[in-house]
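Each remark here refers to the structure printed beneath this line.
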Amino acid sequence: MKRQFDFSPEEPTVAPKTVQTLKAWMEKCGCNFESYQIDSSPIVEGYILAKVGDSYHWTFTERGVERVDQVFGNEAEAVSYAYEKIKADGWAWSHIVGFVKTKKDLMALKSSLDKLQLPYHEDSIPYGGKADIRYRVYVHGSARELVSELRKKYANYRAE
């Protein structure tokens, strides 16, 4: 079972040329829209593709500060650029299924994912400092639809 962060979305027959077709491709492939605002709800942090006047902007936003990275004269150019960036971004396709405090919970979650034959990516972070390690487990793309019960059990880290 692959456990690497190596998910690649399905390539469309024809690359998207409009914001609408880009968003439809992202939805079909299971993109995580928490970091991408493509004709959708506002995000807290990540990338935004938006029409501004007669041009399209590719903007990065973080902590309320926006930085325009690219400006395009037409929709097709902007969508082509965004498509290549999003397609290559492994995090764009990642959905957290577990955020746990103990290795016991981590092993139980990984065992459940192995039984479902779902590839996953795991890492750890110092949540409350070096002595407070938390383990994170992600599934990719449309696999998020298969793990809702596991998510309920293993992703509620605020209750710990």
Side-chain angles (χ1 to χ4, degrees), residues 1-99 109-110 112-125 134-158:
M1 177 69 50
K2 285 185 179 179
R3 293 184 178 93
Q4 300 176 30
F5 193 69
D6 61 359
F7 178 82
S8 295
E10 180 182 328
E11 296 274 344
T13 307
V14 177
K17 301 276 188 245
T18 66
V19 171
Q20 195 173 38
T21 57
L22 175 64
K23 184 177 178 185
W25 169 76
M26 292 169 71
E27 289 170 341
K28 178 184 176 203
C29 293
C31 186
N32 184 339
F33 281 93
E34 291 181 15
S35 296
Y36 286 95
Q37 182 180 331
I38 310 291
D39 188 33
S40 58
S41 301
I43 57 173
V44 174
E45 180 178 305
Y47 289 95
I48 301 166
L49 179 61
K51 184 170 183 175
V52 179
D54 291 334
S55 62
Y56 286 81
H57 291 194
W58 179 252
T59 302
F60 182 74
T61 183
E62 181 178 31
R63 298 180 184 168
V65 178
E66 292 186 0
R67 177 189 75 230
V68 177
D69 287 345
Q70 297 284 332
V71 176
F72 302 93
N74 64 61
E75 183 177 16
E77 289 176 1
V79 168
S80 178
Y81 180 86
Y83 168 70
E84 292 300 326
K85 291 290 190 183
I86 296 164
K87 180 175 67 169
D89 180 6
W91 286 106
W93 311 100
S94 298
H95 303 274
I96 195 157
V97 64
F99 191 103
L109 172 56
K110 288 169 40 175
S112 295
L113 292 169
D114 285 340
K115 286 177 187 168
L116 292 170
Q117 297 183 353
L118 292 175
Y120 55 86
H121 169 74
E122 65 180 281
D123 66 10
S124 61
I125 60 168
R134 301 298 165 99
Y135 305 95
R136 303 183 300 184
V137 179
Y138 300 85
V139 296
H140 308 290
S142 299
R144 75 175 187 276
E145 298 164 7
L146 305 172
V147 296
S148 60
E149 290 303 313
L150 291 174
R151 226 174 120 41
K152 287 177 190 172
K153 183 174 182 179
Y154 293 105
N156 192 9
Y157 60 89
R158 287 180 174 78

Inset, instruction - State, to 0.1 Å, how close Ser112 and Leu150 come at their nearest heavy-atom pair, and which atoms those are. - result: CB-CD2, 3.7 Å
Legend entry - Ser35 vs Phe33, side chain to side chain contact (heavy atoms under 4.5 Å, CB included): CA-CA, chis, key distance, verdict: CA-CA 5 Å; Ser35 296; Phe33 281 93; over 6 Å; no
Inset, instruction - Step through it carefully: locate the ring centre of Phe72, locate the ring centre of Trp58, and say whether they are under 6.0 Å apart. - result: no
Legend entry - 4.5 Å side-chain heavy-atom contact, Gln70 and Tyr56: no
Legend entry - Verdict with reasoning, Trp25 to Lys23, per side chain to side chain contact (heavy atoms under 4.5 Å, CB included): CA-CA 5 Å; Trp25 169 76; Lys23 184 177 178 185; over 6 Å; no
Legend entry - Closest non-hydrogen atom pair between Val19 and Glu75, with its separation: N-OE2, 2.8 Å
Legend entry - Cationic N near anionic O, under 4.0 Å, Arg67 to Asp69: yes
Legend entry - Note, Met26 side chain near Ile86 side chain (heavy atom, < 4.5 Å): yes
Inset, instruction - With the side chain counted from C-beta on, respond yes when Trp93 and Arg144 share a heavy-atom pair under 4.5 Å apart, and no when they do not. - result: no
Inset, instruction - Check whether any side-chain heavy atom of Trp91 lies under 4.5 Å from a side-chain heavy atom of Tyr138, and answer yes or no. - result: yes
Inset, instruction - For the pair Glu122 and Lys110, find out whether any cationic side-chain nitrogen is under 4.0 Å from an anionic carboxylate oxygen. - result: yes
Inset, instruction - Decide yes or no on side chain to side chain contact (heavy atoms under 4.5 Å, CB included) for Ile125 and Arg136, but give the supporting numbers first. - result: CA-CA 8 Å; Ile125 60 168; Arg136 303 183 300 184; 3.5 Å; yes
Legend entry - Ile38 side chain reached by Ile48 side chain, heavy atoms, under 4.5 Å: no
Legend entry - Gln20 CD: over 12 foreign heavy atoms closer than 6.0 Å: no
Legend entry - From OH (Tyr120) to CG (Asp114), nearest 0.5 Å: 4.0 Å
Inset, instruction - Verify side chain to side chain contact (heavy atoms under 4.5 Å, CB included) between His140 and Leu118, making sure each step is shown before the conclusion. - result: CA-CA 9 Å; His140 308 290; Leu118 292 175; over 6 Å; no
Inset, instruction - Determine whether Leu49 and Gln37 make a side-chain contact, defined as any pair of heavy atoms from C-beta on separated by less than 4.5 Å. - result: no
Inset, instruction - Indicate whether any N or O donor in one side chain lies under 3.5 Å from an N or O acceptor in the other, for Asp89 and Tyr36. - result: yes
